[in-house]
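Working notes, structure below.
Keep in mind the model is a prediction, meaning the values are calculated, not measured. A note on names: the letters A, B, ... follow the listed sequences, proteins ahead of strands, and every chain is numbered from 1.
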2 protein chains.
Amino acid sequence: METLTEKQQEVLTFIEDCLRENDPPTQREIGDYFGMAQNSVYQLIGYLKKKGYLADIRGHRCIKLSDAYLRHLKATQGIPIVGRVAAGQPILAEENIEGYLDVQAVFGRAEGTFFLRVVGDSMIDEGIMEGDLVLVKPATEIENGRISVVLLDDEATVKRVYRQKYRIALKPANKRAGYKTLYAKPRENNIRMVGHVIGCLRTVVQ
Amino acid sequence: METLTEKQQEVLTFIEDCLRENDPPTQREIGDYFGMAQNSVYQLIGYLKKKGYLADIRGHRCIKLSDAYLRHLKATQGIPIVGRVAAGQPILAEENIEGYLDVQAVFGRAEGTFFLRVVGDSMIDEGIMEGDLVLVKPATEIENGRISVVLLDDEATVKRVYRQKYRIALKPANKRAGYKTLYAKPRENNIRMVGHVIGCLRTVVQ
DNA sequence: TTGCAATATGGTTTATTGACCATATACTAG
DNA sequence: CTAGTATATGGTCAATAAACCATATTGCAA
């Protein structure tokens with residue numbers, strides 16, 4: 001994106017702050033904040049629109065960030081992910097950051113996803129432990145080998161699920177305890193596919 | 001919170017939708033949307049203010065949710081957490097929901113938290129696997145027994161950390177591979193506390 | 001030095017907006 | 001049956017806000 005002057009950046013930041021709080025400012029409010037006339041703001045906003053940071057719309061108290069800038073923010077505003085740490089660098093140095101995770105994008109409450117609290121340790125070899133929250137994306141179709149949630153006799157179970165010729169295999173992952181693969185027949189057993197596990201989350205007491 | 005009539009609820013929902021997109025509506029815009037006069041909206045808004053859903057402020061295009069309602073939303077708007085599934089109930093039925101997780105609150109980029117990509121399998125018994133993202137809250141002090149991130153010779157390591165008399169113990173969790181506890185002496189080794197692990201996150205290809 | 005971009009001001013105009021009036025209807029609780 | 005609440009309308013008005021004009025200053029690049 002085109003670079004901004006210091007003043008423009010200050011004003012843009014102020015506008016962003018206001019918008020974040022759902023309180024779009026008037027030109028006068030911005031002017032008051034920075035101790036300048038409404039008119040200066042009018043012009044500043046003109047520049048910000050021309051440079052593509054603000055949406056090019058007119059109207060009373062209608063100031064908005066542009067779609068392009070919004071995309072830009074989204075791409076850079078996630079939580080930084082630190083990969084390998086370069087020798088001698090502070091941990092959050094540019095070199096160490098392998099990307100940014102937009103938590104909202106991952107866990108966005110978009111398509112009816114939900115968390116399921118894991119009971120039992122049958123999937124411990126997959127790093128899914130008792131008490132974890134697995135993020136479930138509802139689905140009705142089995143995808144062979146995917147870690148999925150199925151409802152077996154009104155019990156929600158997390159397993160790797162395979163569709164076989166006449167039955168459905170529910171494969172646990174706990175070598176130590178030696179859980180056995182469960183087999184369910186759609187006719188005989190009360191089984192229902194709930195969804196696929198698309199994430200696992202564990203929070204530790206802070 | 002005081003109950004709303006159907007109309008009031010509709011209008012409130014519309015206002016919420018607009019605000020979510022940082023686009024506070026005018027009374028006229030709301031009226032147009034529902035096919036009614038600006039005046040009806042004026043009155044509706046009056047009710048919503050009286051019932052405490054909207055902030056009691058006046059001004060042009062200054063509509064806002066009240067603090068009370070905002071709090072209420074925050075408490076109920078997270079991703080639902082499904083616990084035990086009651087017999088015969090749909091998975092997302094009221095009875096099954098043990099709470100709501102406000103992902104933003106947990107992962108809020110508040111105090112400089114960041115994710116660290118886990119390398120190696122030394123903490124696998126704690127369910128922290130290679131490739132996982134551990135959420136790290138920066139800290140300088142060791143808290144005995146907490147899973148922490150330390151920088152040992154410019155290598156970020158996740159371990160349970162203990163402060164002992166003359167050394168620091170870094171305890172892995174992988175019985176199968178038989179990793180041994182590392183001991184580091186602050187004088188001799190280049191060791192630095194980075195932070196505590198406050199969460200672990202794994203996302204699966206969707 | 002000339003010209004342009006950025007910043008700044010005061011003043012004026014026009015459009016938008018919320019507020020308020022009178023009024024009407026439907027429905028419910030007492 | 002009556003009073004009150006919620007919903008609805010049209011009309012008017014005052015406040016607010018953005019737009020735009022003329023103008024000035026500063027600093028930088030050509």
Side-chain angles (χ1 to χ4, degrees), chain A residues 1-70, chain B residues 1-70:
Chain A
M1 303 219 60
E2 208 172 335
T3 55
L4 297 178
T5 67
E6 201 178 325
K7 196 88 211 178
Q8 291 165 1
Q9 184 59 63
E10 279 179 39
V11 170
L12 180 61
T13 302
F14 178 73
I15 292 171
E16 283 176 52
D17 289 344
C18 290
L19 290 181
R20 202 168 301 123
E21 291 169 42
N22 266 319
D23 191 5
T26 65
Q27 294 177 1
R28 251 160 264 255
E29 282 165 2
I30 300 171
D32 287 351
Y33 182 83
F34 289 101
M36 59 190 181
Q38 170 253 326
N39 243 317
S40 309
V41 180
Y42 174 68
Q43 282 172 97
L44 248 347
I45 287 177
Y47 288 123
L48 289 171
K49 283 181 181 172
K50 202 170 63 180
K51 292 189 179 179
Y53 287 82
L54 295 181
D56 190 14
I57 45 178
R58 43 191 302 162
H60 292 55
R61 213 176 200 128
C62 274
I63 200 160
K64 274 190 188 185
L65 303 184
S66 73
D67 288 347
Y69 185 49
L70 236 28
Chain B
M1 303 220 60
E2 208 171 334
T3 55
L4 298 178
T5 67
E6 201 178 327
K7 196 87 211 181
Q8 290 166 2
Q9 183 61 63
E10 279 178 40
V11 171
L12 180 60
T13 302
F14 178 71
I15 292 171
E16 283 176 52
D17 289 344
C18 291
L19 290 181
R20 201 167 303 123
E21 292 170 42
N22 270 319
D23 192 5
T26 65
Q27 295 178 359
R28 252 160 262 254
E29 282 165 3
I30 300 171
D32 287 352
Y33 181 83
F34 289 101
M36 60 190 180
Q38 170 254 326
N39 243 313
S40 308
V41 179
Y42 174 67
Q43 283 172 96
L44 249 346
I45 287 178
Y47 288 123
L48 288 172
K49 283 180 180 173
K50 203 169 64 181
K51 292 188 178 177
Y53 287 82
L54 295 181
D56 190 14
I57 44 178
R58 42 191 303 163
H60 292 55
R61 211 177 203 128
C62 275
I63 201 160
K64 275 188 188 184
L65 303 184
S66 73
D67 289 346
Y69 184 49
L70 236 29

Shortest side-chain distance from B:N39, nucleotide among D:dT7, D:dA19, C:dC21: C:dC21

Interatomic distance, B:Y47 OH vs D:dA8 P [rounded to whole Å]: 10 Å

Nucleotide C:dT9, atom C1' - distance to CE of A:M36 in whole Å: 12 Å

Distance test, side-chain N/O of B:K7 to OP1/OP2 of D:dA8, below 4.0 Å: yes

Candidates D:dA19, C:dA8, D:dT5 - which lies nearest the side chain of A:L44: C:dA8

Candidate nucleotides D:dT9, C:dC20, D:dT7, ranked by approach to the side chain of B:S40 - the nearest: D:dT9

Neighbour count above 12 (heavy atom, 6.0 Å) for B:Y33 OH: no

A:I57 CD1 to D:dA17 C1', straight-line distance once rounded to whole Å: 15 Å

Base of C:dG18 paired with side chain of B:R61 (donor-acceptor, under 3.5 Å): no

N/O donor-acceptor pair under 3.5 Å between B:Y53 side chain and B:E2 backbone: yes

Any side-chain heavy-atom pair of A:Q8 and A:V11 under 4.5 Å: no

Rounded distance (Å) that lies between atom C1' of D:dT7 and atom CD of B:E10: 12 Å

Spacing of A:I45 atom CD1 relative to D:dC20 atom P, expressed in whole Å: 13 Å

Rounded distance (Å) that lies between atom C1' of D:dA15 and atom CD of A:E29: 14 Å

Residue whose nearest DNA chain D nucleotide is more 5′ - A:I63 or B:V41: B:V41

Base of D:dA18 paired with side chain of A:R28 (donor-acceptor, under 3.5 Å): yes

Atom pair distance, as rounded to whole Å: OH in A:Y42 and P in C:dT13: 17 Å

Short side-chain N/O contact from A:T5 to OP1 or OP2 of C:dT7, under 4.0 Å: yes

hbond_proxy B:E6 side chain to D:dA6 base (donor-acceptor, 3.5 Å cutoff): no

Polar side-chain atom of B:R61 near backbone of A:C62 as donor-acceptor pair, under 3.5 Å: no

Distance-only donor-acceptor test, B:H60 side-chain atoms vs D:dA17 base atoms, 3.5 Å: no

Close side-chain approach of B:M36 and B:L44, heavy atoms under 4.5 Å: yes

Short side-chain N/O contact to D:dT16 OP1/OP2 from A:Q38, under 4.0 Å: no

Separation of C:dT9 P from A:I30 CD1 (nearest whole Å): 14 Å

Presence of donor-acceptor pair under 3.5 Å, side chain of B:Q43 and base of D:dA8: yes

